[in-house]
Amino acid sequence: MARPIAETPILTGEDAIRFEERMREVENLTKEQRAENTRLLKEAVKEAKKLITVCL
């Protein structure tokens, strides 16, 4: 049987400030920066797949 999902904690103080700052950073990325981030992530995943073996 599934376990109930706990409530999401409310951020306060320094955690809340840090979260808001990081949210603004993401919103300020240009399309080119987002595309570059996506390219780098896909490249990292491709490299990681070379190291991972799944046995069923």
Side-chain angles (χ1 to χ4, degrees):
M1 181 172 240
R3 296 185 315 198
I5 298 173
E7 290 184 29
T8 303
I10 297 173
L11 296 177
T12 57
E14 291 295 321
D15 291 332
I17 293 169
R18 187 172 39 252
F19 177 80
E20 286 185 17
E21 287 172 353
R22 289 187 180 161
M23 288 299 294
R24 278 190 227 109
E25 287 176 9
V26 171
E27 293 172 359
N28 292 330
L29 292 176
T30 65
K31 287 184 180 181
E32 292 80 16
Q33 289 171 320
R34 289 179 193 267
E36 178 66 10
N37 286 348
T38 300
R39 185 189 68 75
L40 291 172
L41 177 61
K42 286 182 179 182
E43 188 176 299
V45 169
K46 187 176 179 180
E47 290 298 315
K49 284 183 178 180
K50 292 178 184 177
L51 303 173
I52 298 171
T53 304
V54 178
C55 299
L56 300 176

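Throughout, numbering of the chain's residues begins at 1 and tracks the sequence.
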Can you give each donor-acceptor pair under 3.5 Å made by side-chain atoms of residues 45-56, sequence neighbours left out, with the distance rounded to 0.1 Å?
residue : atom : partner : partner atom : Å
Glu47   : OE2  : Lys50   : NZ           : 3.2

* Structure fact -> dist Lys42:NZ -> Arg39:CZ (nearest 0.5 Å) comes out at 11.0 Å

* Asked: What residues join Ile10 in its hydrophobic cluster, counting side-chain heavy atom gaps under 4.5 Å, either direct or through other members?
  -> none

* Kindly give the cluster partners of Leu11, where membership spreads through any ILVMFWY side chain lying under 4.5 Å from a current member. => Phe19, Met23

